[in-house]
Amino acid sequence: MGFFFTLVALVVTLGLTWRYLGSYMEAVFNGRVHWLAWIERPVYRMLGTSPEQEQTWKRYAGAMVVFTFVSLVFTYVIIRIQGSLPLNPQHLGAVGSALDFNTSASFVTNTNWQNYGGETTMSYFSQIGALTVQQFVSPAVGISAAMVLVRGFSRRKSPTIGNFWVDMTRCLFYVLLPIAFVFGIIFVGEGAVQTLAGTASFHDVLNNVSQTIARGPIGFMETIKQLGTNGGGFLNANSATPFENPTGLTNFLSFWLLLSIPVALTYTFGKMVGSIKHGFALLAVVIILFGVWVGYTANAEHQNNPAVAKAGIVATVGNTEGKEVRFGDTSSALFGVASTSTSTGSADSAYDSFTPIGGMGLLTGMMMGEVTPGGTGTGLYTLLIYAILAVFIGGLMIGRTPEYLGKKIQAKEVKLAGLGSLVMPMVVLILTAIAVSLVVGRAGPENAGPHGFTEILYGLTSQGNNNGSAFGGLTGNTPFYNIVGAIDMLLGRFGVMIPALALGGVLAEKDVVPESLGTFRTDNGMFVGLTIGVILIIGGLTFFPAIALGPVVEQLSHLRFF
Amino acid sequence: MLVHLRRSLILAVICLVFFGFVYAFAGTGVSQLLFKSQADGSLTANGSTLIGQPWNLTKCPGHSLGSCVFQGRPDDLGPYSDTEKNNPSPAGHPGDDPLVLNGVAGESGATNLGPKSAELVKYTKDLVKYWHARGVNPTPDLVTTSGSGYDPDISQQDALVQIPMVAKATGISSSKLRALVVSETHPAQWGFLGAQYIDVLQLNEGLAALK
């Protein structure tokens with residue numbers, strides 16, 4: 001019953017977020033919000049740019065790639081020399097080069113895959129100056145890229161599609177900073193730790209135990225970690241630890257925060273293209289797929305854990321292995337689905353210990369390309385790529401040149417959309433095939449059999465989709481997985497983002513075709529169904545064989561599916 | 001290209017200052033001002049109420065180790081160490097070592113064992129044996145480890161099934177213990193967020209007061 005009310009509360013709060021955050025972001029990116037102009041203008045002056053200086057999509061993409069590369073170098077260097085930097089009360093040494101490369105690539109691509117345990121690897125300087133900074137910057141890059149594609153639809157015959165530096169500045173200061181800061185205070189009030197004082201030690205006279213506990217500036221990193229769909233926590237066990245996620249309320253706020261921007265962006269899209277109905281159609285696609293995945297995964301996790309049953313305990317409260325008492329099994333499943341349907345990848349429970357089909361719910365959330373609702377910005381542009389494919393297929397069925405929002409979808413657009421939707425599965429499947437064919441790759445998994453295969457597949461799917469969640473049994477801190485993972489993340493990021501930017505540029509140059517009786521409607525139930533079909537068919541056809549070898553085999557060897 | 005590079009460097013420095021240091025320091029300042037106790041880790045004289053502790057090695061004169069207190073979930077230094085011949089070292093146990101006894105802070109983490117894992121079956125069977133030897137019919141929480149590796153909480157049911165063990169070792173009547181367990185139970189936050197729970201440290205502090 002509690003879970004039912006949690007879902008109701010989530011729907012209500014997300015509905016309000018969709019409406020009001022969505023319309024606020026539209027105003028921000030169209031330059032109608034000025035309450036931080038005293039910061040915004042000096043930033044433009046220092047950068048030597050202004051909102052009037054617009055860029056073509058190629059210049060925009062160039063700026064984005066160069067900026068990401070510079071961020072990568074900054075992050076890499078800070079982590080590499082942390083031993084000589086201040087704010088290091090635990091005197092942690094430099095991080096190895098392969099692990100550092102993987103971590104830097106991970107944080108600049110909004111992945112936040114972690115091959116290290118935060119509390120024993122990263123100094124406060126690295127956590128603050130390298131990792132938290134990228135947790136602001138990388139979602140802003142994603143949202144800026146989405147704005148380019150949205151402008152592709154909203155502009156007519158325009159050679160330019162906005163200014164990267166202006167979009168970044170606005171997103172960082174007006175959207176991410178205030179929300180993360182306000183909720184940071186709430187998180188700390190609930191019990192999340194926020195201190196620079198180093199570890200705490202004490203002796204308990206009741207059981208004669210001495211403990212030393214890792215602490216740090218955790219609470220405020222926590223909110224931007226969720227809000228920016230980053231997912232990389234301060235502590236190794238992420239949101240399962242009470243210092244990151246102390247109560248039922250912070251758990252709720254976590255999955256609300258990580259869903260808020262991706263959901264609200266569908267409203268922003270609708271408002272920018274002048275048809276909220278089109279934004280709502282995309283939201284409907286998200287709600288239907290997300291709802292089915294939550295129901296399915298929560299049901300799977302409400303089952304008994306087979307290992308516990310085998311030991312003679314007939315559970316009444318679901319799969320408790322790897323889950324925290326204060327959250328319970330269904331809320332943990334909801335957190336997992338929210339985290340893997342966006343590009344967050346944070347975890348309030350051990351996903352590796354989910355039932356096989358529960359884990360499959362998380363894995364397939366990522367395999368759909370993270371569009372339900374996907375990451376900050378990345379979700380919207382990937383969803384729009386699927387929408388373009390849907391109108392193309394719809395157009396083929398009725399024999400007309402397809403249009404979306406009055407823009408003709410022709411060969412060039414379909415090629416770019418095809419590229420954007422196929423790069424990720426290709427990268428993921430090829431790298432998985434390489435990993436399972438090599439001894440160094442097969443050395444990774446902790447669990448045996450199909451579950452071990454799922455650990456590898458999950459790890460590379462997660463990195464390829466810039467998600468960052470893990471089946472934690474995979475030992476990722478090896479030269480092989482560090483390098484392969486970094487390649488996976490960078491290809492998965494730019495392989496989708498650059499085609500999306502190109503699409504924005506190509507579409508912005510086009511004029512709008514007036515709507516006629518024969519126009520294929522793109523704001524009704526038929527279109528929603530068609531888009532869902534395209535997402536499921538592309539995701540299903542490409543990944544079904546791999547899933548069959550992993551979670552499906554594992555579950556069937558347990559003799560029943562549910 | 002050069003202009004991109006120059007702007008990238010400037011923006012990266014601005015971000016380092018603003019979203020790194022200003023954000024973290026302002027956040028720490030506000031937190032320390034408004035919620036000092038929480039920001040420092042909810043520390044009490046006997047430890048943090050948010051970090052679980054091993055209770056299985058508590059000395060109980062005349063009774064087996066750990067039977068005179070309520071125990072938390074078998075995270076790491078929990079009953080696992082007892083099943084392996086009273087060895088308090090976390091080495092050889094599933095998962096990481098979140099809290100090294102008398103040492104430096106370790107990592108949080110789960111066992112990450114899959115639901116079909118033979119290892120998990122073995123550990124679970126060991127734990128069932130551990131509890132049966134103490135006259136306790138364990139609930140699933142008491143034979144599975146948590147996500148963080150130091151879950152500070154148990155459910156009300158997890159505490160109730162331990163009452164016969166605690167009553168026998170402490171001599172406190174079952175009805176008094178039951179009343180203690182009920183009074184220490186926190187309902188789900190706002191009635192529906194998460195699940196009801198008992199903080200094991202607070203429960204044992206209440207128990208010490210009864211003694």
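Since the model is a prediction, treat every value here as computed from it, not as a measurement. Naming: A, B, ... by sequence-line order, numbering from 1 per chain.
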Margin query: Under 4.5 Å from any heavy atom of chain B, what part of A:Asn447 do you find: side chain, backbone, both or neither?
Written below: side chain

Note to self: Please classify the contact between A:Thr49 and chain B as side chain, backbone, both or neither, with a heavy-atom cut-off of under 4.5 Å.
What the structure shows: both

Next item on the list: Side chain from CB out, backbone as N, CA, C, O: work out which of these in A:Ala200 comes under 4.5 Å of a heavy atom of chain B, or both, or neither.
Entry: side chain

Notebook entry, point to check: Which one, A:Pro217, A:Pro246, A:Gly189, leads in non-hydrogen pairs under 4.5 Å with chain B?
Noted result: A:Gly189

Note to self: Under 4.5 Å from any heavy atom of chain A, what part of B:Ile154 do you find: side chain, backbone, both or neither?
What the structure shows: backbone

Margin query: Please determine whether ring-ring contact (aromatic ring centres under 6.0 Å, His included) holds for the pair A:Phe125 and B:Phe21, giving the CA-CA distance in whole Å, both sets of side-chain angles, and the decisive distance to 0.1 Å.
Written below: CA-CA 9 Å; A:Phe125 195 105; B:Phe21 296 102; 5.1 Å; yes

Next item on the list: Considering only heavy atoms and a distance below 4.5 Å, find which of A:Phe5, A:Phe252, A:Phe181 pairs most often with chain B.
Entry: A:Phe181

Notebook entry, point to check: Would you say the ring centroid of A:Phe187 lies under 6.0 angstrom from that of B:Phe35?
Noted result: no

Item checked: Candidate list A:Val188, A:Ile185, A:Val193, A:Thr195, test side-chain contact (heavy atoms from CB on, under 4.5 Å), partner B:Ser31, passing option -> A:Val188

Note to self: Under a 3.5 Å threshold, yes or no: a donor from one side chain and an acceptor from the other, between B:Gln189 and A:Glu190?
What the structure shows: yes

Next item on the list: Measure distances from A:Ser71 to the heavy atoms of chain B and classify the residue's part below 4.5 Å as side chain, backbone, both or neither.
Entry: neither

Next item on the list: Evaluate the ring planes of B:Phe19 and A:Phe173, with Trp represented by its six-membered ring, and classify them as parallel (under 30°), tilted (30 to 60°) or perpendicular (over 60°).
Entry: tilted

Notebook entry, point to check: Can any side-chain N or O of A:Thr355 pair as donor or acceptor with the backbone N or O of B:Pro115 at less than 3.5 Å?
Noted result: no

Check: Using non-hydrogen atoms only, which part of A:Met168 is less than 4.5 Å away from chain B: side chain, backbone, both, or neither?
Finding: side chain

Notebook entry, point to check: chain A heavy atoms under 4.5 Å from B:Ala118: which part of the residue, side chain, backbone, both or neither?
Noted result: neither

Checklist line | Which atoms of A:Leu131 approach chain B - backbone, side chain, both or neither, heavy atom under 4.5 Å | finding: neither

Item checked: Contact leader toward chain B among A:Asn251, A:Thr247, A:Val43, where contacts are heavy-atom pairs under 4.5 Å -> A:Thr247

Margin query: For B:Ala12, which atoms come within 4.5 Å of any heavy atom of chain A: side chain, backbone, both, or neither?
Written below: both

Notebook entry, point to check: Would a line drawn from the ring center of B:Tyr23 to the ring center of A:Phe136 be shorter than 6.0 Å?
Noted result: yes

Margin query: Less than 4.5 Å to any heavy atom of chain B: does that hold for the side chain of A:Thr223, its backbone, both, or neither?
Written below: side chain

Notebook entry, point to check: With only heavy atoms counted, which part of A:Phe74 is less than 4.5 Å from chain B, the side chain, the backbone, both or neither?
Noted result: side chain

Checklist line | Most chain A-contacting option - heavy-atom pairs closer than 4.5 Å, from B:Gly114, B:Ala24, B:Gly20 | finding: B:Gly114

Margin query: Heavy-atom cut-off 4.5 Å, strictly under: side chain, backbone, both or neither for A:Ile78 against chain B?
Written below: side chain

Check: chain B heavy atoms under 4.5 Å from A:Phe202: which part of the residue, side chain, backbone, both or neither?
Finding: side chain

Notebook entry, point to check: So what's closer than 4.5 Å to chain B heavy atoms on A:Arg326: side chain, backbone, both or neither?
Noted result: both

Checklist line | Part of A:Lys323 lying under 4.5 Å from any heavy atom of chain B | finding: backbone

Checklist line | Residue part contacting chain B, namely of A:Val70, when any heavy atom lies under 4.5 Å | finding: side chain

Margin query: Rounded to the nearest 0.5 Å, what separates atom CZ in A:Phe471 from atom CG in B:Asn112?
Written below: 9.5 Å

Check: With a 4.5 angstrom heavy-atom cut-off, which part of A:Leu176 approaches chain B: side chain, backbone, both or neither?
Finding: neither

